[in-house]
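Quick caveat, the model's predicted, so the values are computed rather than measured.
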Amino acid sequence: MIDDLGMPVTLARPVRRVVSLVPSLTEAIACTAAHLLVGCTDFCVLPADLDERAGHRLTRVRGPKNPDCRAIEALHPDLVIANQEENRRFDVDHLRDAGVPVWVTRIDTVSQALTSLDRLVGKALDLPRPGWLSAAQQNWSGPDPAMRHRAVVCIWRDPWMVAGPRTYVADVLARSGIALAPLPVPEWPAARYPRVDLEALRSSDADLVLLMDAPYHFTASDGPECFEGMNVRIMPERPLAWYGPGLTDARAEIVLRVG
């Protein structure tokens, strides 16, 4: 087997024990074959009844950026699922050196997400395509709407950080009729999550400011006050940044919340 980065992954058949280090992929496995999951990160919060679906209590292995590799090894997984952006190569290499098979996904666009999920479920886990994935593929197969907004997408404050053009977030928005407003960042448009001066955000030609509720927890009382007179929306992370079952209605939810 070859993962999304072209790395060979030797798998036992059938795969019976899975540890997921990516919250959105944990949700994908939980909605496909939850009984396979034996471990996940502290940030894997969906579905809310994860342990009940799995039929046992999952071991929590800290976060995507600082997983407890010893705890993962102790679970004797047949497969660990990781992502190029969300997880560190150091941890992936450590697990592989310990003899643990790791499947790394690479997802920067909606099309990549659908292909990657299809490979993960069908190739790595050798499972039939789930209904949610077929629905997601159908929902994104039609034409994209015309661009209606130019937005800045803030993911952090102090320092202010935004989603750049070459991110999954940017592609989801573009395919939902929302373009990113260019910003005066030296590495734009190559930057993924650059730091930006607040005044540059205020003076951009964006007609929409999206404040994501994660990783920084923007709320109605924390963030909008910095953009007086601008069209500001608090956006949940899931439709913008989670690939998995959320893809089935991500575009509809974005359109509903933004207009």
Side-chain angles (χ1 to χ4, degrees), residues 1-107 112-113 115-133 168 214-215 237-238 241-247:
M1 296 289 176
I2 302 295
D3 70 10
D4 288 0
L5 301 186
M7 294 294 293
V9 184
T10 302
L11 297 173
R13 288 299 188 202
V15 172
R16 299 182 187 276
R17 298 175 63 81
V18 174
V19 173
S20 172
L21 302 181
V22 187
S24 56
L25 296 180
T26 299
E27 183 190 22
I29 303 305
C31 292
T32 304
H35 65 281
L36 298 180
L37 289 167
V38 295
C40 62
T41 77
D42 298 343
F43 297 89
C44 295
V45 296
L46 293 177
D49 60 346
L50 185 54
D51 289 351
E52 289 77 7
R53 289 190 184 221
H56 52 262
R57 188 174 183 81
L58 272 64
T59 298
R60 298 288 174 159
V61 296
R62 296 200 304 240
K65 301 296 187 185
N66 66 334
D68 186 338
C69 290
R70 288 188 178 180
I72 295 171
E73 293 168 37
L75 290 170
H76 303 290
D78 296 318
L79 182 63
V80 171
I81 300 171
N83 175 263
Q84 183 188 36
E85 180 169 271
E86 294 195 43
N87 306 114
R88 301 185 304 175
R89 180 172 178 176
F90 172 85
D91 297 310
V92 171
D93 289 345
H94 178 97
L95 290 168
R96 284 175 171 161
D97 289 344
V100 178
V102 183
W103 183 279
V104 181
T105 60
R106 177 178 178 177
I107 298 173
Q112 278 186 332
T115 299
S116 180
L117 289 162
D118 212 18
R119 294 185 68 247
L120 173 62
V121 173
K123 299 293 185 182
L125 299 179
D126 196 26
L127 296 171
R129 177 184 292 175
W132 64 262
L133 183 52
Y168 178 77
E237 179 188 30
R238 187 170 181 262
W242 280 40
Y243 24 81
L247 276 166

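With rounding to the nearest 0.5 Å, the separation of CD1 in Ile29 from SG in Cys40 is 12.0 Å. Note that CD1 of Ile81 and CG of Leu25 are 6.0 Å apart. Values are rounded to the nearest 0.5 Å. Within the model, atoms CG of Leu125 and CE of Met1 stand 9.5 Å from one another, a figure rounded to the nearest 0.5 Å.
In this structure Glu73 satisfies the side chain to side chain donor-acceptor pair (under 3.5 Å) test together with His94, sequence neighbours excluded. Under the rule for a side chain to side chain donor-acceptor pair (under 3.5 Å), the partners of Thr105 that lie at least two apart in sequence or sit in another chain are Asn83. Asp78 meets the salt bridge (Lys or Arg N to Asp or Glu O under 4.0 Å) test with no other residue; sequence neighbours excluded. Residues passing the salt bridge (Lys or Arg N to Asp or Glu O under 4.0 Å) test with Arg60, sequence neighbours excluded: none. Remark: Arg57 engages Asp51 in a salt bridge (Lys or Arg N to Asp or Glu O under 4.0 Å) (not counting sequence neighbours). Residues that satisfy the salt bridge (Lys or Arg N to Asp or Glu O under 4.0 Å) test with Glu52, not counting sequence neighbours, are absent from this structure. Phe43 meets the ring pair (Phe, Tyr, Trp, His ring centres under 6.0 Å) test with no other residue; sequence neighbours excluded. Shown here are the side-chain contact (heavy atoms from CB on, under 4.5 Å) partners of Asp126, two or more places apart in sequence or in another chain: Arg13. Taking the side chain to side chain donor-acceptor pair (under 3.5 Å) definition, one finds that Trp242 meets it with Glu237, sequence neighbours left out.
Among all heavy-atom pairs drawn from Ala71 and Val61, the shortest one is CB-CG1, 4.3 Å. Nearest heavy-atom pair, Leu120 versus Trp103, reported as atom, atom and distance to 0.1 Å: CD1-CD1, 3.8 Å. When every heavy atom of Val15 is checked against every heavy atom of Ala124, the shortest pair comes out as CG2-O, 3.7 Å. The heavy-atom pair separating Ile72 from Pro67 by the smallest distance is CD1-CB, 4.0 Å. Summarising the geometry of Ala82 relative to Val102, their closest heavy-atom pair is CB-CG1, 4.1 Å, with the distance given to 0.1 Å.
When atom types are taken as modelled, the side chain of Asn87 and the backbone of Leu21 share a donor-acceptor pair closer than 3.5 angstrom. Between the side chain of Arg119 and the backbone N or O of Ile2 there is at least one donor-acceptor pair closer than 3.5 Å.
Side-chain contact between Cys31 and Pro130 is absent, with no heavy-atom pair separated by less than 4.5 Å. At least one side-chain heavy atom of Arg129 sits less than 4.5 Å from a side-chain heavy atom of Asp118. The closest side-chain heavy-atom distance from Pro23 to Val45 is not below 4.5 Å. No side-chain heavy atom of Gln112 sits less than 4.5 Å from a side-chain heavy atom of Tyr168. Two residues are said to be in side-chain contact when any heavy atoms from C-beta on lie closer than 4.5 Å; Val104 and Asp4 fail this criterion. The closest side-chain heavy-atom distance from Gln84 to Leu5 is below 4.5 Å.
Residue pairs meeting the salt bridge (charged side-chain N to carboxylate O under 4.0 Å, His left out) criterion with at least one partner in residues 35-49, sequence neighbours excluded, are Asp49-Arg53. Residue pairs meeting the salt bridge (charged side-chain N to carboxylate O under 4.0 Å, His left out) criterion with at least one member in residues 93-104, sequence neighbours excluded: Asp3-Arg96, Arg89-Asp93. Counting only residues at least two apart or on different chains, the side-chain hydrogen bond (donor to acceptor under 3.5 Å, both in side chains) pairs with a member in residues 15-35 are Ser20-Thr26, Glu27-Arg238, Thr32-Trp132.
For the pairing with Val19, the side-chain contact (heavy atoms from CB on, under 4.5 Å) check across Leu36, Val100, Leu79, Leu75 returns one residue only, Leu75.
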